[in-house]
Amino acid sequence: MTTPDTQAPTITGEGRVTAVTYQRVSTKEQATTGGRDEGFSIPAQREANRRKAETLGAQVVAEFVDAGESARSAKRPGLQQLLDYITTHQVTYCIVHKVDRLARNRLDDVDIHRHLIDAGVQLVSATENIDETPSGMLLHGIMSSIAEFYSRNLAAEVTKGMTQKVAAGGTPSKAPIGYRNIRKRDEQGREYRTVEIDPDRAPLIRWVFDTYAKGEHTVPDLLAEATARGLTTVPTPKRPSGPVGRSTFFKLLRNPYYIGQVRYQGALHPGAHEPIVDAETWQQVQTLLDTRATAGERRRKYDHYLKGTLYCGTCNARLQLDYARNKQGIRYAYYICTGRATKRTRCTRKAVPVGIAEQLVADCYQNIAITEHTYAQLAQRVEAAFDERMAERSQTIDDLTAIKHRLEAEADKLLEAHFADAIDLPTLKRHQDRIRIALTDVTKRLDAERHDHEGPRQHLATALRLLADCAQMYERTDDLGKRLANQAFYQRILITEDEKAAIQLNEPFAALAPTSTDVSVLLRLIWWR
């Protein structure tokens, strides 16, 4: 914790020469070098600052330290304590080892310097000749600009290095649970960092993905069982190994690192590390996580593929799965109205046995399915409508394509002219920027034209084929497939008081179903997204 030196004597009386010192290192590693609380750098800065105070004839009344704090921001605990201190105490000098210890951008430097001037404090560097003279202030400004350049350049170089590392398959940060960051040496004895599989945790991670992919566990249940099996975090020098937190566990299930991919700056890159989980299992886990989130499930003990789809036909509240026992101790599964169960509504809807609910939903697919003859007719109409639309837009696409070719040819000619010394580099860059902007715009417009045609066309073709096959598909698929089908086809399925199903279909199925196959509706759907 960064605090003033409470042991320093208080200086009273006007005209007394006093000083405060400020020491900072940028990283936690620097702050703990050699196993010391302050590493080696901070004591060295402190000693240099105290020697400078002696040459000024000033007594150090307080010291402020920021260990492991970047100077790219002024919101550092020690610095803020220093600025507060000088407003309430008599201070003549603020001594730093170098200007870049105080700030590494010009804006913060000006703001901090203003606070010092307002408090009547003069900034002094132990190693740089800065003062309130014009030449000293000039040097201060130059050193501040150099510090900002160094900081920005260092950040750019780090980003470039990270990007190159990722491009080569490396891991730019700490590896997730199941892997270990280690140091090795190559044949020339040079040290490098790499990642290897953690033999203790990797089997547990593999078990977590394999188990969740079966669809029989919720994430909290799975976390509890994985913890019981011994899954823990990786210990660090400051934090011992412990149970995996819930949010960390959710992120773990979403992390593509386990299938050999590295996510960096929002993009995925092939990694050089060995995968723990196969791609098929990982994708199955992602599908389960997505579908359960879409269905709005809050599963605690029971699960069923109709959860999140069924609603009460009387009060429109969601139906939830519950179990009851008869006098013989036999358990029966029912769907009950949450409005009635929580008394949020005055609904008197009786419970629906799970078997009846399953049959009602299966019958829904029989009712919305179209015959092969109807499918052929509708597919022909859809294709004809899209062909007509494409003909209307073909001129637009041809014009955009011609513009793109013209811009590409212009770019090639400019480059040839530059190599022939016909135009200088600034002129080349100016025209290249103009062409690049124009090419980006025309390419986006071309992609949009083609997507607006092919996207809806493929979407409707797929929807039609699904309607023709939906009854058999639903009957033959497993529970996960049934869950996905229900979410794709239906907004909701309402079970009425007389135990019949009233359906609300998603688009485009709502207009393609047998009761809505008139041509005008289909044509409007062509532009549906």
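Values below: every heavy atom of this structure, side chains too, minus hydrogens, waters and symmetry copies.
- Taking all atoms of both residues into account, the shortest heavy-atom contact from A19 to A58 is CB-CB, 4.0 Å.
- Looking at D479 and K214, no side-chain N of the basic residue comes within less than 4.0 Å of a carboxylate O on the acidic one, giving no salt bridge.
- Using cut-offs of 30° and 60° on the angle between ring planes, the pair F209 and Y258 is tilted.
- Between the SG atom of C337 and the CZ atom of R318 there is a distance of 11.5 Å, given to the nearest 0.5 Å.
- Rounded to the nearest 0.5 Å, atoms OH (Y85) and SG (C94) are 12.0 Å apart.
- In plain terms, the two heavy atoms of C315 and T345 that are nearest each other are SG-OG1, 3.7 Å.
- For the pair Q23 (side chain) and P43 (backbone), a donor-acceptor distance under 3.5 Å is absent.
- Between the side chain of N506 and the backbone N or O of A488, at least one donor-acceptor pair lies under 3.5 Å.
- In terms of heavy atoms, G230 sits closest to L204 at C-CD1, 3.6 Å.
- When all heavy atoms are compared, the tightest approach of L428 to L414 is CD1-O, 3.8 Å.
- No donor-acceptor pair closer than 3.5 Å links the side chain of T281 to the backbone N or O of D210.
- Shown here for T338 and A317, the closest heavy-atom pair between the two residues is OG1-CB, 3.6 Å.
- Panel note: side chain H89, backbone V91; no donor-acceptor pair is recorded below 3.5 Å.
- Not one N or O on the side chain of R24 forms a donor-acceptor pair closer than 3.5 Å with the backbone of D66.
- Judged by distance alone, the side chain of N486 and the main-chain N or O of L306 form no donor-acceptor pair under 3.5 Å.
- Of all the heavy atoms in V244 and L231, the pair that sits closest is CG2-CG, 4.0 Å.
- Of the possible polar contacts, none joining the H115 side chain to the I86 backbone as a donor-acceptor pair under 3.5 Å is found.
- Note on D433 versus K429: no salt bridge recorded, every NZ/NE/NH1/NH2 to OD/OE distance being 4.0 Å or above.
- In E225, the CD atom is crowded: over 12 heavy atoms of neighbouring residues, nucleotides or ligands sit closer than 6.0 Å.
- Side chains of W282 and Q261 form no contact here, defined as non-hydrogen atoms less than 4.5 Å apart.
- Few gaps surround CZ on R114; more than 12 heavy atoms of other groups in view lie less than 6.0 Å from it.
- A donor-acceptor contact shorter than 3.5 Å links the side chain of S241 to the backbone of T233.
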* Can you check side-chain hydrogen bond (donor to acceptor under 3.5 Å, both in side chains) on T232 and R201, steps first, answer last? -> CA-CA 8 Å; T232 59; R201 294 174 177 83; 3.2 Å; yes
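- At least one donor-acceptor pair under 3.5 Å links the side chain of N181 to the backbone N or O of A175.
- The main-chain N or O of Q90 is found under 3.5 Å from a side-chain atom of T18 such that the two form a donor-acceptor pair.
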* **Stepwise salt bridge (charged side-chain N to carboxylate O under 4.0 Å, His left out) test for R51 and E47** => CA-CA 6 Å; R51 287 199 302 268; E47 180 61 27; 3.7 Å; yes
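- Note that the NE2 atom of H405 and the CD1 atom of I403 stand 11.5 Å from one another [nearest 0.5 Å].
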